[in-house]
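Quick caveat, the model's predicted, so the values are computed rather than measured.
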Amino acid sequence: MRGHPLTERAMMTMGQPFDDIRDLASRLPWGHGPAAGQVRAGLSASGSHEELGRLGELAVWFAEATGHAHVARPRIALFAATHALTARLTGTDPVPGARAAMEAIASGAAPVSHLCAAAGLGLNVFDLALDMPVEDITRRPALDEKAAAATMAFGMEVLASGADLIGLGTVDAASDISAMALISAIMETDGAEWEKRGEVIKEALASHTGHLGDPLEAMSRLGGREIAALAGAILAARMQDVAVVLDGLAATAAAKVLHKLNPEALTHCCLASAVSDTHRKAAARIGLEPLLDLKSSGSGGVGAALTAGLIKSAGDVSTGLSEVRRRKG
């Protein structure tokens, strides 16, 4: 279940990396309108569309994203990384806690492990160089361009598992401050909207003044490896007709980067839940509305697993009703 660690050497192998990312983002494939129309028509013909409500909408959305109605290969992918800023703010080494969170998931001792087993969801957790925390974003860029783009490439490889639905999130909340800062940078605010973390975020934004206009540069400066990997996975999913569930602040920040590159980049994505009113508003700016109200931290994959289960059920209902209609002739 555990992914291979991302090594420093692997993160430094790409040339002109962000140009490649921009090129991919500029030529995204269209969705599968006919498949979505077929599911919508089928639900209407059965008289179930209003009864199902948002569950029916999920079935239509999944068909448009993938080209088929039945969820066959659902997976959850969680990313783990560390941040020097965490060490400065808490006075503790962030590595042991991140490793413990990873091991809990891998051993079946975490909530997401049980949810995935119960719902028939595959589960992978990826070590993004835990022993090498990214730089303190209030003082230096988190990553340089090559490292950020190579981490995006690593995230793209998550789709090699052949999923048709993938829930994306983080192992813990270590990336939340980076995510808040990146969201604020893309929204062109001063970070005060994040209340308790507002001062730290203002400090980070001020440290990178003049370098935040481009979303990919903003991501490399303010985001951690989790956010870069999530952005790569979201982009690859769109290229490969895979539906995506976004879970947590880091996933939303990654989505905002891609949306800034191409406003049509997120039609294959839905949002599991929002961790705050500010998160909800930031998501709304890119067309995402939370499906659940968990009142949780948004990390650990719980929201992704629950939402993936809902989408799987929506597909089962849609295909089941279609089969009934077919038998009746």
Side-chain angles (χ1 to χ4, degrees), residues 11-12 14-28 81 83-85 134-156 175-195 197-236 238 246 248-267 269 271 278-288:
M11 290 189 295
M12 305 296 289
M14 296 180 66
Q16 302 299 318
F18 283 164
D19 288 344
D20 295 337
I21 298 298
R22 290 189 182 94
D23 179 58
L24 286 175
S26 70
R27 52 185 179 87
L28 296 173
H83 300 250
L85 179 59
V134 297
E135 298 283 0
D136 180 342
I137 61 172
T138 65
R139 298 172 180 176
R140 289 175 290 277
L143 298 166
D144 63 29
E145 180 174 324
K146 288 184 178 180
T151 309
M152 287 186 73
F154 182 88
M156 291 178 178
S175 60
D176 278 5
I177 294 177
S178 285
M180 293 173 189
L182 181 55
I183 289 170
S184 294
I186 293 173
M187 293 175 61
E188 299 182 357
T189 68
D190 65 1
E193 65 271 17
W194 295 105
E195 300 175 356
R197 292 301 187 183
E199 290 305 313
V200 176
I201 293 166
K202 286 181 181 180
E203 188 180 353
L205 294 173
S207 180
H208 303 284
T209 299
H211 297 280
L212 301 178
D214 176 80
L216 291 173
E217 183 177 8
M219 182 192 71
S220 66
R221 286 176 169 269
L222 297 173
R225 293 190 182 98
E226 308 100 312
I227 294 174
L230 286 163
I234 295 167
L235 184 58
R238 177 61 187 276
L246 304 172
L249 280 168
T252 300
K256 287 189 80 71
V257 170
L258 297 176
H259 185 269
K260 188 74 171 180
L261 291 174
N262 183 344
E264 301 299 319
L266 304 179
T267 57
C269 295
L271 179 63
T278 303
H279 183 194
R280 184 183 297 271
K281 291 175 183 176
R285 293 272 290 269
I286 55 175
L288 297 174

When rounded to the nearest 0.5 angstrom, what is the spacing between [atom1] in [X] and [atom2] in [Y]?
X      : Y      : atom1 : atom2 : answer
Lys260 : Arg285 : NZ    : CZ    : 9.0 Å
Ile183 : Thr189 : CD1   : OG1   : 9.5 Å
Ile21  : Leu261 : CD1   : CG    : 9.0 Å
Met180 : Leu205 : CE    : CG    : 12.5 Å
Ile286 : Leu246 : CD1   : CG    : 7.5 Å
Phe18  : Glu217 : CZ    : CD    : 8.0 Å

Worksheet item: Checking salt bridge (Lys or Arg N to Asp or Glu O under 4.0 Å) for the pair Asp136/Arg140: CA distance, chi angles, key distance, verdict?
Response: CA-CA 6 Å; Asp136 180 342; Arg140 289 175 290 277; over 6 Å; no
Do the side chain of [X] and the main chain of [Y] share a donor and acceptor less than 3.5 angstrom apart?
X      : Y      : result
Ser207 : Glu203 : no
Thr252 : Ala283 : no
Ser178 : Leu222 : yes

Discussion item. Set out, in order, the CA-CA distance, both residues' side-chain angles and the distance that settles side-chain contact (heavy atoms from CB on, under 4.5 Å) for Arg197 and Asp176, then state yes or no.
Written reply: CA-CA 10 Å; Arg197 292 301 187 183; Asp176 278 5; over 6 Å; no
Compare every heavy atom of [Y] with every heavy atom of [X], then report the nearest pair and how far apart it is.
X      : Y      : answer
Glu193 : Ser184 : OE2-OG, 2.8 Å
Met187 : Ala282 : SD-CB, 3.8 Å
Ala251 : Ile234 : O-CD1, 4.1 Å
Ile201 : Gly191 : CG2-CA, 3.8 Å
Met219 : Leu182 : N-CD1, 3.7 Å
Leu143 : Ala148 : CD1-CA, 4.0 Å

Worksheet item: Does any donor atom in the side chain of Arg238 or Thr267 lie under 3.5 Å from an acceptor atom in the other side chain?
Response: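 Arg238 vs Thr267: donor-acceptor pair found between side chains.
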Discussion item. Tell me which one of Glu135, Arg225, Glu226 satisfies side chain to side chain donor-acceptor pair (under 3.5 Å) with His83.
Written reply: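 Passing option: Glu226.
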Fill in: CA sep, side-chain torsions, deciding dist, call: Leu288, His259, side-chain contact (heavy atoms from CB on, under 4.5 Å)
CA-CA 11 Å; Leu288 297 174; His259 185 269; over 6 Å; no
Item to complete: Find out whether Leu28 and Leu235 are in side-chain contact, i.e. whether some heavy atom of one side chain is under 4.5 Å from a heavy atom of the other.
Response: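 Yes - at least one pair of side-chain heavy atoms lies under 4.5 Å apart.
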